[in-house]
Colleague: 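Got a structure for you, written out below as structure tokens; questions coming shortly.
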Amino acid sequence: MFKLDLSIVIPLFNEEESLPELTDWIARVMERESFSYEIIFVNDGSTDDSWSVIEGLRQRNPNVKAISFRKNQGKSAGLNQGFKACTGEVVVTMDADLQDSPEELPELRRMILEDHYDLVSGWKQKRYDPITKTLPTKLFNAATRRISKIKLNDFNCGLKAYRLEVVQNVEIYGEMHRYIPFLAKNKGFDKIGEKVVQHQARKYGTTKFGLDRFVNGFLDLGTLAVMGKFGRRPMHFFGAAGSLMFLLSVALLAYLGGFKLYLLSQGMEVRLITENPLFYILLTLTILGVQLFAVGFMAELLLRVSTKKHDYTVDAKIGLD
Ligand code: UDP
Ligand code: MG
């Protein structure tokens with residue numbers, strides 16, 4: 001099947017001023033390299049004139065395609081929807097605000113095709129953003145590096161390139177766009193590279209993310225760390241924790257009971273077991289243990305009815321389509 005050289009997916013929310021400049025710049029680079037390409041704008045419920053601007057751009061440039069959400073759904077949803085529409089052998093995502101440069105596109109494409117990377121992530125080594133953003137970002141990247149064991153300096157760069165297969169197999173939900181390399185790795189696409197990219201200060205409009213991005217970001221990281229390991233076998237996580245607590249409570253009970261029997265056999269004065277503080281710890285452990293076990297069991301049942309349970313990365317098929 002004929003494949004375009006490049007699909008460029010651009011999620012956008014209220015970026016009307018940047019779009020014409022961005023489109024023309026991409027077109028210039030593509031013509032220079034004689035690439036066949038498509039630009040897929042995903043209009044994430046913009047409340048300004050972004051959509052009519054895109055319609056105008058489409059008149060001038062037939063390589064412009066677009067999807068529009070009725071309301072704002074977030075960058076992850078935009079990327080996910082854009083990915084479903086891609087047909088290029090290499091897919092690149094970039095932000096609409098002109099902070100990423102289209103001049104990087106040819107080299108990103110070359111790294112995927114010739115260096116055989118599954119994913120190449122941009123690295124804004126020199127950033128033009130306020131310190132309130134760059135400092136927490138450093139922390140965020142360090143934590144993500146540790147937990148994902150992927151050696152990237154800059155996880156959240158909007159400019160990234162993928163082999164088509166990768167975007168067809170990775171589902172980006174919630175606000176997981178920050179962790180696409182991690183999602184890809186969990187799906188078995190582990191040849192992940194990095195390229196230093198130019199970064200500009202925002203020319204028009206304002207940033208769409210506030211400081212809550214960091215709180216949400218870290219919560220998502222926790223989810224991913226557990227999901228990657230136990231997402232398909234929750235009982236191994238909850239069951240193990242539950243059993244451990246249960247066993248501990250049994251041990252405590254044996255100790256309390258045994259000790260009391262011993263005292264009795266010695267003819268000594270005994271107190272009620274319920275008067276010992278350890279009894280309450282025992283009680284809590286029993287309840288927690290049973291609950292965790294039950295949660296694990298419920299999770300297994302959920303997994304059984306979930307339509308995505310066979311959502312594994314299929315490498316090849318024969319005699320099937
Ligand atoms: N964006 C989006 N939906 C949103 C928020 C942002 O599609 O709900 C787009 C935005 O228009 C831009 C990209 O995601 O193209 C990155 O956003 P922004 O430049 O505000 O993020 P920053 O550069 O500050 O990290
Ligand atoms: Mg930006």
Side-chain angles (χ1 to χ4, degrees), residues 7-23 25-26 39-54 57 64-86 91-102 104-105 121-141 144 152-161 167 172-181 197-218 220-221:
S7 291
I8 304 156
V9 176
I10 308 179
L12 65 114
F13 176 56
N14 293 350
E15 308 278 5
E16 54 181 3
E17 302 102 323
S18 319
L19 297 175
E21 206 169 310
L22 180 65
T23 307
W25 193 358
I26 293 173
I39 301 177
I40 303 180
F41 284 118
V42 188
N43 173 31
D44 186 11
S46 296
T47 49
D48 65 357
D49 281 333
S50 294
W51 188 245
S52 44
V53 171
I54 292 171
L57 290 170
V64 170
K65 302 172 185 175
I67 302 167
S68 190
F69 290 154
R70 186 170 287 273
K71 70 183 239 309
N72 183 256
Q73 308 271 13
K75 189 176 177 182
S76 292
L79 289 175
N80 201 42
Q81 205 62 32
F83 283 165
K84 288 194 181 129
C86 286
V91 177
V92 175
T93 60
M94 57 194 296
D95 289 352
D97 53 5
L98 291 166
Q99 287 196 275
D100 305 324
S101 161
E104 313 283 355
L105 295 174
S121 182
W123 174 14
K124 296 164 285 187
Q125 199 170 30
K126 194 160 166 33
R127 285 188 68 162
Y128 296 90
D129 280 319
I131 181 116
T132 49
K133 201 151 119 188
T134 49
L135 201 69
T137 299
K138 283 213 171 83
L139 261 169
F140 158 86
N141 280 320
T144 313
L152 286 182
N153 289 289
D154 184 2
F155 278 84
N156 194 18
C157 183
L159 186 56
K160 288 191 172 61
V167 307
I172 309 153
Y173 58 97
E175 291 192 30
M176 294 296 183
H177 60 266
R178 300 189 179 87
Y179 301 107
I180 301 180
V197 295
Q198 295 293 325
H199 186 242
Q200 274 99 206
R202 216 179 214 284
K203 200 163 161 188
Y204 308 105
T206 51
T207 177
K208 307 301 184 292
F209 296 101
L211 279 177
D212 58 341
R213 74 167 82 196
F214 296 107
V215 180
N216 296 339
F218 279 108
D220 287 345
L221 184 60

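Remember, it's 1-based here, ligands and their atoms both numbered in the order they're listed. What you see is a predicted model, and the numbers here were worked out from it, not measured in a lab.
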Colleague: Between the side chains of Lys203 and Glu21, is the shortest nitrogen-to-carboxylate-oxygen separation below 4.0 Å, so that they form an ion pair?
Modeller: yes
Colleague: Is the Mg ion (ligand 2) less than 2.8 Å from at least one N/O/S atom of Gln99?
Modeller: yes
Colleague: What is the closest protein heavy atom to atom 19 (O) of ligand 1, and at what distance does it sit?
Modeller: Asp97 OD2, 2.5 Å
Colleague: I need the contact type for Glu15 against ligand 1. Using non-hydrogen atoms and a strict under-4.0 Å cut-off, is it side chain, backbone, both or neither?
Modeller: side chain
Colleague: For atom 23 (O) of ligand 1, which candidate among Gln99, Lys124, Met94 holds the nearest heavy atom?
Modeller: Gln99
Colleague: Counting each atom of ligand 1 from 1 as listed, which ones have a heavy atom of Leu12 under 4.0 Å away?
Modeller: 7 (O), 11 (O)
Colleague: Is it the side chain, the backbone, both or neither of Asp129 that has a heavy atom closer than 4.0 Å to ligand 1?
Modeller: neither
Colleague: Quick one: which of Asp97, Ile54, Val53 gives a side chain to side chain contact (heavy atoms under 4.5 Å, CB included) with Leu12?
Modeller: Ile54
Colleague: Does at least one non-hydrogen atom of Gly74 fall below 4.0 angstrom from an atom of ligand 1?
Modeller: yes
Colleague: Quick one: report the N, O or S atom of Asp97 that is nearest to the Mg ion (ligand 2).
Modeller: OD2
Colleague: Is Phe13 close to ligand 1, meaning an N/O of one under 3.5 Å from an N/O of the other?
Modeller: yes
Colleague: Pair Phe83, His177 - check ring pair (Phe, Tyr, Trp, His ring centres under 6.0 Å), show working.
Modeller: CA-CA 12 Å; Phe83 283 165; His177 60 266; over 10 Å; no
Colleague: Please state which part of Asp95 comes within less than 4.0 Å of ligand 1, counting heavy atoms only: side chain, backbone, both or neither.
Modeller: both
Colleague: Which bit of Lys133 gets closer than 4.0 Å to ligand 1, counting heavy atoms only: side chain, backbone, both or neither?
Modeller: side chain
Colleague: Assess whether a salt bridge exists between Asp95 and Lys75, defined as any Lys/Arg side-chain N lying under 4.0 Å from an Asp/Glu carboxylate O.
Modeller: yes
Colleague: To the nearest 0.5 Å, what is the distance between CG on Asn14 and CG on Asp48?
Modeller: 4.0 Å
